[in-house]
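A short write-up of the structure that comes next.
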Amino acid sequence: MIDPQILRTDPERIRESQRRRGENVDLVDDLVAADVTKRAAQQEFEDLRGQQNTLSKQIGPLQGTLKQAADAAARAQVQSRVDVLMANASALADQVKTAEATFNAASEAADLLVLQLSNLVNLDSPVGGEADFKILELVGTPRDFAAEGFEPKDHLDIGERLGAIDTGRGAKVSGARFFYLVGVGAQLEFALLNLAMQQAMGNGLIPIITPTMVLPGAMEGTGFLGQAAENVYRIESDDMYLVGTSEVALAAFHGDEIIDADQLPLRYAGWSTCFRREAGSYGKDTRGIIRVHQFDKVEMFVFTSPEDAEAEHQRLLQWEKDFIDALEIPYRVIDVATGDLGSSAARKFDIEAWIPTQGTYREVTSTSNTTEFQARRLKIRMRAGKEVRPLATLNGTLCAMPRIIVAILENHQQADGSVRIPAALQPFLAGQQVFTPKV
RNA sequence: GGAGGCGUCGCCUAGUCCGGUCUAUGGCGCCGCACUGCUAAUGCGGUUUGGGUUUAUCGCCCAUCGGGAGUUCAAAUCUCCCCGCCUCCGCCA
């Protein structure tokens, strides 16, 4: 949700944001109109309710007088005054009811529109669609397998030979885009989890394990029921959702709370399984575990003041780079274009790891500055002195397991089918330096 | 799943039976002022949140007693539904 004040003072700013996103610009004008209608109805209703309250409040004391009235004559006099007041108030009650219904309808209409509006984009984000990202940085050098004298195998070949990845049985049991991590595959995930958490805690983040099923409010509040709704699993029988990222449960963690400014920033490193329907990606990445319905992820999430949000965003990006650096994987950092931000983000940086067999970089992390967008929806505020106002939330992937595993297997494979284990991971793998094929 | 109890403006708490002087009591905490070498103590005042209006301020109005619906001129208080917490029973990793 954006600041409704902007709607009244500077709607052009919102229109420009919508334009850059390639989203509905007319929505802004509909909203401005709905807001005007809503406030007029509110005035009308509150004015009538005020009149009614005034009348009603006179009745109470008179009832007391009535009980203490000395004689029948006095009682009759007071009673007649009560009768008049009640008659007037009664007449108003109908009007109040009508005005209230009108206001509620206008209010709902406006709220519905507001929820459709995406966050204001950061003006530094490159304008355009998915392909219009800007490359900010190239780190590391992809290996020259030709020079090394062998053809790199893809992660599934390597993983199967290590007995680490089993997509065949995944499909048998759960369908397409499901997989098993077995043996060293499972060990590798645990090692990555431990390395990620060690780094996160070293940076002062609070480790946290979140629910993976959430109520509609959490999903709505984080902005996943808009354009992204088709990628979310819904549990029909209980009206709940499976989260696509622990960001949902992490953001909602402080929902409806007012946090003292001196508690900020609040930084978490959440661990959860993530579920994605991957609707609209039929035929894409069908081989291996690059695009799956269920995976585990360590996610960083920060609550901070809006003033500090951009600096915090850079910090999250740096921590993501630190992690990929530790795994010795070549990557590039991109500034995601406005049309590819998702509704909550004002700005987004992705890290894309080099995938040798694809000859390209693929997304492994993503960090978004959602400014006050989620906080407004989830009613998360900060108290700075006497002032209470929305805070900013940010999220960033620290380690999305399958894709990192893909990157490790492919980038660190050796001619004999073994995989070199990066030094940073070795302490979490009982000192193993290499995974060797079982077959 | 069953039975019972509970949910009040940061925390604790009065009020709910019997609707109206509830503009929600008191304590703690916090903020301001006064007093005092400093601190502490004490005294006085302030202290829910959201919205509208005004906005230079003061202010005024509406809503808010877990959530929603209803009865009523009027609901913390009465009715119904829902949610959460606690205790016990059952089941269970």
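- In this structure, the side chains of A:Phe133 and A:Asp350 stay at 4.5 Å or more apart for every pair of heavy atoms.
- Each of A:Glu46 and A:Ala87 was matched to the nucleotide of RNA chain B holding its nearest heavy atom; the match closer to the 5' end belongs to A:Glu46.
- At the heavy-atom level, A:Arg8 lies under 4.0 Å from the strands shown only through sugar-phosphate atoms.
- Across all strands shown, A:Leu92 has no heavy atoms under 4.0 Å from either base or sugar-phosphate atoms.
- Atom CG of A:Leu378 is separated from atom P of B:U49 by 19 Å (rounded to the nearest Å).
- With salt bridges taken as basic N to acidic carboxylate O contacts below 4.0 Å, none links A:Glu16 and A:Arg13.
- Here the side chain of A:Phe45 is nearest to one of B:C62, B:U49, B:G51, namely B:C62.
- The side chain of A:Ser56 has B:G20 as its nearest neighbour among B:G51, B:G20, B:G50.
- In terms of phosphate contacts, A:Arg383 brings no side-chain nitrogen or oxygen within less than 4.0 Å of OP1 or OP2 of B:C30.
- Taking 4.0 Å as the cut-off between side-chain N and carboxylate O, A:Asp35 and A:Arg39 count as a salt-bridged pair.
- Looking at A:Ser281 and A:Arg291, their side chains come closer than 4.5 Å, going by heavy atoms from C-beta outward.
- Note on A:Gln52: a side-chain N or O is less than 4.0 Å away from OP1 or OP2 of B:A74.
- Regarding A:Gln51, its CD atom lies at a distance of 17 Å from the C1' atom of B:A63, rounded to whole Å.
- Across every strand in view, B:G4 sits in a pair with B:C86 that passes the Watson-Crick or G-U test at under 3.5 angstrom.
- Taking atom C1' on both nucleotides, B:G32 is separated from B:U25 by 24 Å, rounded to a whole Å.
- Between A:Asn53 and the phosphate of B:U23, there is no side-chain N or O to OP1/OP2 separation shorter than 4.0 Å.
- For A:Arg49 and A:Ala93, each mapped to the nucleotide of RNA chain B holding its nearest heavy atom, the one lying further toward the 5' end belongs to A:Arg49.
- With both pairing distances under 3.5 Å, B:C17 is matched to nothing as a Watson-Crick or G-U wobble pair.
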